[in-house]
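What follows is a set of notes on a single structure, which appears directly below.
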Amino acid sequence: MKFNSDFTMTINGKSVTTTSKITVINPANEEIVGYAPDCSRELLDSAVGAAHSAFPSWSVVPFTARQNLLHQMASALEANVGPLSRLLTAEQGKTLSDAAMEIGGAAYWLRETAKMTLPETVNNDSSAHRSVTRHVPLGVVGAIAPWNYPIGLAAFKLASALLAGNTVVLKPSPFTPLTTLKLGELMQTVLPEGVLNVISGSDELGPWMTSHPGFAKISFTGSTATGRKVMAGAAATLKHLTLELGGNDAAIVLPDVDIQTVAKCIFWASFGNSGQICLASKRIYIHKDIYGPMKQEIVNYAKTIKMGNGTDPDVQLGPIQNRPQYERVLDLIRDAQDNGYKFLMGGMPTAQKGYFIPLTIIDNPPEHSRIVQEEQFGPVLPLIEFDNIEDAIARANATDYGLGATVWSADAAAALAVGQRLQAGTVWINEALGLSPFITFAGHKQSGLGTESGREGLLAYTVPQTIAVRQNAGTWQGVPKS
Ligand code: NAD
């Protein structure tokens, strides 16, 4: 496909633009990548209106036809991996190979979700009376995505929402709208008009969506602080909600691990995408017997990693995606410095173009420190020594977050016994970050509400409907005898 040279929204199957624009910056060099439309309230109404008009016919398209269309969406992404990845790298900062993996992963999510079906429960089945509970679509879904995986996380939502028979208005982050706008343009040739609308805008657009009476559901991925606002905004019209929010995932490393192997695992679980992964390991509890050699091995490995502009094929990690997040991470580093915590490597960046923060590892900061208690969402990692496993479990659980956790040991059964006591939506033993379209993903505590992906994630885009059929009204017991 040949893309338009400018970036447009997709409303009712057509490209739509605005005179007012938002500027999108390449975080690797702070140059302008492009300008995205700044959606007005009127255009939001148009997008929601188009999705409403498309809903009655889309919701009754045979399920197998919707499955086929998901495959066609995947094919369209796969056929455009090159240009989409280059654009994603330019606006997000990740490496070209990570960007290609994200686009490919989105296609994979669409294809695999398309293999799922919606269950029907027969409650009662006789010649006189039959009752069946099925799962019907909700209506128009508002999908709001963050900037760390703009296409991957949008695909989680689109795959389930569309397969279930909903129509969608998708809004990317104003920091990374461009690839998503191109996704919308691409899908104009695949989906019927109005089924998928893609809009972009500045900070007011999200709140306008959450309070808009036209949405039956908001599916939101982003920070816990914004998640609270989304919930409040959605309350007035009692919208269904899925909230996939922040985390402060603990990793617990038991003393019997192979230090060299697990050091690399811990590194990538923590620093992948420069730490900008909701499920990244964000505080590492290491048993005292191996604390010294393990920290040394993590540092040695970290020193071999190249950070830079994601277009350079030798680069393994890119910058922080945007200036406010860059400032937030610097603030955590400054706090650690001010408190005299020991840095094993990294620290404040030296002046240069781009939002680069050197890989930073902090040696055993106190449990109450901000770098242990807060979600850093950047390449700064606290390593923490523990002596007693009960204490490590208690510290891992002592947080309002509950997204993920990992446990590492040569004895998987021993690690599992620890993992089962952790309060998190996903617990991995001797692995990390393994999401799948077949596996339901849910945050515990203030890391989220509801589910995404897997059978339960698909059901979250439906509402149960029971239909009871009596063959003969004369047999109904509901009418008093006299
Ligand atoms: P964010 O909460 O700032 O923004 C997310 C999205 O919400 C953006 O599209 C933004 O424009 C929009 N938004 C902002 N204010 C809004 C409001 N008042 N109402 C409605 N929408 C609003 O998050 P971010 O900084 O883009 O992403 C980083 C955060 O996302 C981290 O905390 C990370 O852990 C979390 N995250 C969670 C998951 C998950 O699946 N649990 C996945 C990725 C990222």
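What's counted below: heavy atoms across the whole structure, side chains too, no hydrogens, waters or symmetry copies. Just follow the structure's listing: the first ligand is 1, and inside any ligand the first atom is 1. Heads up: numbering here begins at 1 and tracks the sequence.
- Using a 4.0 Å cut-off to heavy atoms of Thr221, the atoms of ligand 1 that qualify are 5 (C), 37 (C), 38 (C), 39 (C), 40 (O), 42 (C), 43 (C).
- In terms of N/O distances under 3.5 Å, ligand 1 is approached by Gly222.
- The atoms of ligand 1 that sit less than 4.0 Å from any heavy atom of Leu153 are 42 (C), 43 (C).
- Among protein heavy atoms, the minimum distance from atom 27 (O) of ligand 1 is reached at Pro146 CB, 3.4 Å.
- Although no hydrogens or angles enter the test, the distance criterion places no donor-acceptor pair under 3.5 Å between the side chain of Thr95 and the main chain of Gly310.
- Taking every heavy atom of Phe441 and a limit of under 4.0 angstrom, the matching atoms of ligand 1 come to 40 (O).
- Nearest protein heavy-atom contact of atom 23 (O) of ligand 1 is Ser223 N, 3.4 Å.
- Taking every heavy atom of Leu403 and a limit of under 4.0 angstrom, the matching atoms of ligand 1 come to 41 (N).
- Heavy atoms of Gly227 come nearer than 4.0 angstrom to ligand 1 in no pair at all.
- In this structure, atom 32 (O) of ligand 1 lies nearest to the protein heavy atom Glu375 OE1, 2.7 Å.
- A donor-acceptor contact shorter than 3.5 Å links the side chain of Asn339 to the backbone of Asp335.
- Residues Glu185 and Thr10 bring no donor and acceptor atom of their side chains to less than 3.5 Å of each other.
- By the 4.5 Å heavy-atom criterion applied to side chains, Leu69 and Leu162 are not counted as neighbours.
- No side-chain donor-acceptor contact under 3.5 Å links Thr242 and Glu452.
- At a distance under 4.0 Å, no protein heavy atom can be found next to atom 4 (O) of ligand 1.
- Between the choices Cys278, Pro174, Gly247, the shortest heavy-atom distance to atom 39 (C) of ligand 1 belongs to Cys278.
- Here the heavy atom of the protein found nearest to atom 7 (O) of ligand 1 is Phe220 CE1, 3.1 Å.
- Neither the backbone nor the side chain of Leu279 has a heavy atom within less than 4.0 Å of ligand 1.
- Partner of Ile103 under the side chain to side chain contact (heavy atoms under 4.5 Å, CB included) criterion, chosen from Leu84, Asn80, Leu87: Leu84.
- Not a single heavy atom of Tyr149 sits less than 4.0 Å from an atom of ligand 1.
- Considering Leu243, Thr226, Thr224 only, the shortest heavy-atom separation from atom 22 (C) of ligand 1 involves Thr226.
- Look at Arg111 and Glu78 and you find a salt bridge, because one of the NZ, NE, NH1 or NH2 atoms lies within 4.0 Å of a carboxylate O, short of that distance.
- Ranked by closest heavy atom to atom 6 (C) of ligand 1, the top entry among Gly206, Ala145, Pro177 is Ala145.
- Among all protein heavy atoms, the one lying closest to atom 10 (C) of ligand 1 is Lys171 NZ, 3.8 Å.
- Remark: the backbone N or O of Glu31 is paired with a side-chain donor or acceptor of Asn29 at under 3.5 angstrom.
- Taking the centre and axis of the six-membered ring of Phe7, the NZ or CZ atom of Lys21 falls outside the cone set by 45° and 6.0 Å.
- The aromatic rings of Trp147 and Phe175 sit perpendicular to each other, their planes meeting at more than 60°, with 30° as the lower class boundary.
- Remark: the backbone N or O of Asn166 is not paired with any side-chain donor or acceptor of Lys217 at under 3.5 angstrom.
- In this structure, Gly233 does not count as a contact residue of ligand 1, since none of its heavy atoms falls inside 4.0 Å of the ligand.
- The main-chain N or O of Leu245 is never found under 3.5 Å from a side-chain atom of Gln446 such that the two would form a donor-acceptor pair.
- Only the backbone of Pro172 comes within 4.0 Å of ligand 1, judged by heavy-atom distances.
- The shortest N/O to N/O separation between Lys229 and ligand 1 does not fall below 3.5 Å.
- Considering both main-chain and side-chain atoms, Asn148 never comes within under 3.5 Å of ligand 1 through any nitrogen or oxygen pair.
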Under 3.5 Å donor-acceptor pairs involving side-chain atoms of residues 398-406, not counting sequence neighbours:
residue	atom	partner	partner atom	Å
Thr399	OG1	Tyr401	N	3.0
Thr406	OG1	Trp408	NE1	2.9

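- Taking only nitrogen or oxygen atoms, main chain and side chain alike, Val230 does not reach within less than 3.5 Å of ligand 1.
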